[in-house]
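Report on the structure given below.
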Number of protein chains: 2
Amino acid sequence: MVKMSPTGPDSRPETDSGNVLAEENTTRERILDIALELFTEQGYEKTSLRQIAERLGFSKAAIYYHFASKEDILIELHLRLHEFGRGALSGIDPGDMSLERAAEILDRLIDQILGHRALFVLFERNQVALDELHRQRHDAAHQDVESLFQQVLSNSEMAVRDRVRMACALGAVMGALVLSEKMFPDVATAELASLVRDASHDLLKPLAPL
Amino acid sequence: MVKMSPTGPDSRPETDSGNVLAEENTTRERILDIALELFTEQGYEKTSLRQIAERLGFSKAAIYYHFASKEDILIELHLRLHEFGRGALSGIDPGDMSLERAAEILDRLIDQILGHRALFVLFERNQVALDELHRQRHDAAHQDVESLFQQVLSNSEMAVRDRVRMACALGAVMGALVLSEKMFPDVATAELASLVRDASHDLLKPLAPL
DNA sequence: GTCTATATAGGGATAGAC
DNA sequence: GTCTATCCCTATATAGAC
């Protein structure tokens with residue numbers, strides 16, 4: 001199901017050397033950009049390769065020169081997300097977590113989300129498709145973001161209250177920033193980051209204030 | 001596209017008199033239960049009517065006696081959600097909102113979510129399919145939950161800080177409770193409600209504490 | 001690199017028997 | 001109320017020409 005087209009280039013050419021983040025104007029990048037847009041609007045399942053191709057002005061079959069499958073496009077976008085996730089989440093030790101450390105991590109995460117909002121919205125709106133991916137490709141090295149959160153929040157050595165607080169803080173950050181495009185289009189990014197950070201910090205204070 | 005099957009009963013028989021909430025053992029209810037399960041696991045688009053029918057032990061075509069279309073099943077589940085939403089959100093005036101009122105509303109919402117978690121998870125994981133529904137059926141009377149939040153949070157007469165706080169609180173409540181089944185399976189519902197309520201209140205305090 | 005044409009599969013939905 | 005059989009459509013993916 002994830003076979004390569006025999007003549008096409010690798011679905012993730014090594015020549016890119018991890019440069020999946022930059023906006024080169026290669027056809028491959030343009031496909032990914034359109035896919036990001038359509039997957040977010042209509043969902044992964046409802047978006048057809050024909051639609052993507054139409055927007056780019058060529059035929060459906062051409063896409064198969066650049067990607068081995070539709071799923072492969074999603075995987076590539078998923079890798080981009082991980083690229084950014086790594087930055088914010090590196091050095092997390094699920095066994096040694098605290099409210100303070102959680103606050104630091106979320107601070108970094110806020111910046112990452114605001115820097116790449118479209119990508120995060122995509123995956124907020126296509127959780128099922130992503131879960132499917134994860135179920136199929138559970139490489140041990142993959143160190144998935146979601147399973148990392150799972151480990152942290154499930155760690156029963158921490159007080160339940162603190163674990164719930166972390167879940168709330170994560171939800172607050174994700175929720176507010178995902179909604180932000182629709183709800184606060186007028187608010188500057190820096191101000192938004194600052195306000196959400198404050199909120200997150202209030203949630204993660206060791207003692208209930210007042 | 002939303003035509004009725006000519007021989008079948010109305011897609012929402014008046015004899016039910018709004019009793020869509022109870023678990024009667026009618027075939028119709030059983031279809032809805034399985035659909036709820038599969039739509040949540042696999043997503044609305046990826047779930048076929050054949051799959052639903054298989055689980056119930058009859059054929060795909062039988063479903064069309066009870067529902068006019070696949071979309072009709074989703075609509076019915078959507079109506080259930082609204083049933084509960086109305087309870088928590090009645091009496092909201094988007095033009096006259098405050099942090100205090102938001103806190104009260106979220107308190108009620110927490111109970112509703114915990115009472116019907118599966119339904120809320122369904123729609124958290126199928127936002128795109130729902131959006132599609134809303135785009136097609138924008139009856140004025142529909143008073144949609146999402147558009148209600150939109151109105152509240154977009155109301156530029158309120159301070160940006162407070163609007164962001166509300167978005168955070170909503171995200172915290174939704175996020176924590178949706179994750180709760182996976183992350184806190186051991187925590188009692190009442191305790192969970194209390195903890196999330198506390199967190200929500202911390203977010204919605206008029207002044208930054210400390 | 002992109003095309004046309006096609007293979008193959010599965011989906012939603014309907015007709016009509018029982 | 002459920003069945004079988006069928007229609008029609010669209011999707012992913014492939015083959016091979018240019």
Side-chain angles (χ1 to χ4, degrees), chain A residues 1-11 13 15-16 24-35 38-39 42-76 126 128-129 132-133 136, chain B residues 1-13 15-16 24-35 38-39 42-77 126 128-129 132-133 136:
Chain A
M1 184 171 275
V2 194
K3 273 182 307 184
M4 285 300 150
S5 108
T7 56
D10 237 15
S11 72
T15 57
D16 269 22
E24 311 176 41
N25 235 356
T26 117
T27 301
R28 186 183 165 84
E29 291 294 328
R30 290 168 65 222
I31 292 173
L32 286 170
D33 286 344
I34 299 293
L38 291 179
F39 288 174
Q42 315 176 331
Y44 172 72
E45 310 289 351
K46 266 220 155 179
T47 301
S48 69
L49 297 179
R50 190 187 49 74
Q51 270 182 305
I52 297 174
E54 243 169 29
R55 284 235 191 159
L56 288 167
F58 47 65
S59 96
K60 187 176 66 168
I63 294 183
Y64 283 93
Y65 178 80
H66 300 278
F67 294 92
S69 68
K70 182 185 178 185
E71 195 186 30
D72 203 38
I73 298 177
L74 187 65
I75 290 175
E76 185 59 44
N126 286 278
V128 281
E132 197 67 14
L133 263 193
Q136 291 171 14
Chain B
M1 184 170 276
V2 193
K3 275 182 308 186
M4 284 302 150
S5 107
T7 56
D10 238 16
S11 74
R12 186 153 185 239
T15 57
D16 268 20
E24 308 178 43
N25 235 357
T26 114
T27 301
R28 186 183 165 83
E29 292 293 328
R30 289 168 64 221
I31 292 173
L32 286 170
D33 286 343
I34 299 293
L38 291 179
F39 289 174
Q42 315 177 330
Y44 172 72
E45 311 288 352
K46 265 221 156 180
T47 302
S48 70
L49 296 179
R50 190 187 48 74
Q51 270 183 304
I52 297 175
E54 243 170 29
R55 283 236 192 158
L56 289 166
F58 47 65
S59 93
K60 185 175 70 166
I63 295 183
Y64 283 93
Y65 178 80
H66 301 278
F67 294 92
S69 67
K70 183 187 180 185
E71 193 186 32
D72 202 37
I73 298 177
L74 187 64
I75 291 174
E76 185 60 43
L77 290 171
N126 287 276
V128 280
E132 197 66 14
L133 262 193
Q136 290 172 13

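Here is the naming used below: chain letters follow the sequence lines, and residue numbers restart at 1 for every chain.
Rounded to whole angstrom, the span from the CZ atom of Phe67(A) across to the P atom of dA11(D) amounts to 19 Å. The distance between atom CD1 of Ile63(A) and atom P of dT14(D), rounded to the nearest whole Å, is 14 Å. Taking atom CD1 on Ile73(A) and atom P on dA11(D), their separation rounds to 14 Å, with Å as the unit. Taking atom NZ of Lys70(B) as the reference point, atom P of dC9(D) lies 19 Å away to the nearest angstrom. Straight-line distance from the OH atom of Tyr44(B) to the C1' atom of dG12(C): 10 Å, rounded to whole Å.
Rounded to the nearest 0.5 Å, atoms CD (Glu76(A)) and CD (Glu29(A)) are 7.5 Å apart. Note: Leu32(B) CG to Leu74(B) CG = 10.5 Å, rounded to the nearest 0.5 Å. A distance of 7.0 Å separates CZ of Phe39(B) from CG of Leu77(B), quoted to the nearest 0.5 Å. Taking CD1 from Ile73(B) and CD1 from Ile34(B), the interatomic distance works out to 11.0 Å, rounded to the nearest 0.5 Å.
Remark: side-chain polar atoms of Lys46(A) are not paired, donor with acceptor, to backbone N or O of Ala129(B) under 3.5 angstrom. Put simply, the side chain of Gln51(A) gets close to the backbone of Ser48(A): a donor and an acceptor are under 3.5 Å apart.
At a non-hydrogen distance threshold of 4.0 Å, Thr47(A), Ser48(A), Leu49(A), Arg50(A) from residues 45-55 of chain A come into contact with DNA chain D.
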Pairs under 3.5 angstrom only: tabulate donor-acceptor contacts from the side chains of residues 52-62 of chain B to other protein residues two or more places apart or in another chain.
from: Glu54(B); atom 1: OE2; to: Arg50(B); atom 2: NH1; distance (Å): 2.9
from: Arg55(B); atom 1: NH1; to: Glu37(B); atom 2: OE2; distance (Å): 2.9
from: Ser59(B); atom 1: OG; to: Ala61(B); atom 2: N; distance (Å): 3.3

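The side chain of Thr27(A) contributes no N or O atom lying less than 4.0 Å from OP1 or OP2 of dG1(C). Taking 4.0 angstrom as the limit, Tyr65(B) places none of its side-chain polar atoms (N or O) nearer than this to OP1 or OP2 of dT2(D).
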Could you run down the sub-3.5 Å N/O contacts of the protein with nucleotides 3-5 of chain D?
from: dC3(D); atom 1: OP1; to: Ser59(B); atom 2: N; distance (Å): 3.3
from: dC3(D); atom 1: OP2; to: Ser59(B); atom 2: N; distance (Å): 2.3
from: dC3(D); atom 1: OP2; to: Ser59(B); atom 2: OG; distance (Å): 3.3

Produce the list of close N/O pairs, under 3.5 Å, pairing protein atoms with atoms of nucleotides 16-18 of chain C; give distances to one decimal.
none

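Remark: Glu132(A) pairs with Arg135(A) by the salt bridge (Lys or Arg N to Asp or Glu O under 4.0 Å) rule, at least two apart or across chains.
Minimum heavy-atom separation, Tyr64(A) to Leu49(A): OH-CD1, 3.1 Å. Across all non-hydrogen atoms, the minimal contact from Gln42(A) to Thr47(A) is OE1-OG1, 3.2 Å. Considering all non-hydrogen atoms of both residues, Ile31(B) and Phe67(B) come closest at CG2-CE1, 3.6 Å.
Distance from the side chain of His66(B) is smallest to dT2(D) among dA13(C), dG1(C), dT2(D).
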